[in-house]
Amino acid sequence: MIFLVHYDRRAQRLERFVGYSDDALLQAQDDRLKLELSLLHSDRENEIVLLSAPSEEAVRNTHGRYFYKFADLAARSGIALAAN
């Protein structure tokens, strides 16, 4: 599968996540380009990528920062965070 990810770095928020079948690569590329052009002059720090993976679960495992807050990622990894 192919996944279109739009992530706002400043807000640390996933804005858009769309899955495409492997045979829809051209559509995914076209959608990515349209999205990038539509956000060209926005004041957000946009990260727009296409990822290829066997499933959404695989993307969540390999690119967790798009889906989980830092504390959640640390907990999933078994890392204890110091209390402030």
State, with a plain yes or no, whether a side-chain heavy atom of [X] is found less than 4.5 Å away from one of [Y].
| X | Y | result |
| --- | --- | --- |
| Val49 | Phe3 | no |
| Arg44 | Leu39 | yes |
| Leu4 | Leu51 | no |
| Leu50 | Gln29 | yes |

To the nearest 0.5 Å, tell me how far [X] [atom1] sits from [Y] [atom2].
| X | Y | atom1 | atom2 | result |
| --- | --- | --- | --- | --- |
| Arg16 | Ile48 | CZ | CD1 | 9.0 Å |
| Asp8 | Ser42 | CG | OG | 7.5 Å |
| Arg65 | Leu14 | CZ | CG | 11.0 Å |

Checklist line | CA sep, side-chain torsions, deciding dist, call: Glu15, Arg13, salt bridge (Lys or Arg N to Asp or Glu O under 4.0 Å) | finding: CA-CA 6 Å; Glu15 297 290 331; Arg13 180 177 58 233; 2.6 Å; yes
Notebook entry, point to check: Transitively linked via ILVMFWY side-chain contacts under 4.5 Å: Tyr7 with Tyr68?
Noted result: yes
Note to self: Applying the side chain to side chain contact (heavy atoms under 4.5 Å, CB included) criterion to Ile2, which one of Leu25, Val18, Asp23 satisfies it?
What the structure shows: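 Going through the options one by one, the only one that passes is Leu25.
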Margin query: Using only atom types and a distance under 3.5 Å, with no angle test, would you say the side chain of Asp22 pairs donor to acceptor with the backbone of Met1?
Written below: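 Pair found, side chain donor or acceptor close to backbone of Met1.
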Check: Do the side chain of Arg10 and the main chain of Asp43 share a donor and acceptor less than 3.5 angstrom apart?
Finding: yes
Note to self: Evaluate Arg9 against Asn46 for side chain to side chain contact (heavy atoms under 4.5 Å, CB included), listing each step before the verdict.
What the structure shows: CA-CA 6 Å; Arg9 288 185 200 138; Asn46 298 296; over 6 Å; no
Next item on the list: Go through the steps to decide whether Glu36 and Leu40 satisfy the test side chain to side chain contact (heavy atoms under 4.5 Å, CB included), and finish with yes or no.
Entry: CA-CA 6 Å; Glu36 285 199 34; Leu40 194 58; over 6 Å; no
Next item on the list: Establish, from distance only, whether the side-chain atoms of Glu47 and Tyr66 form a donor-acceptor pair under 3.5 Å.
Entry: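 Note: Glu47 and Tyr66 side chains meet the donor-acceptor criterion.
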Next item on the list: Examine the side chains of Gln27 and Asp31 and answer whether a donor and an acceptor come within less than 3.5 Å of each other.
Entry: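 Yes, Asp31 and Gln27 have a side-chain donor paired with an acceptor closer than 3.5 Å.
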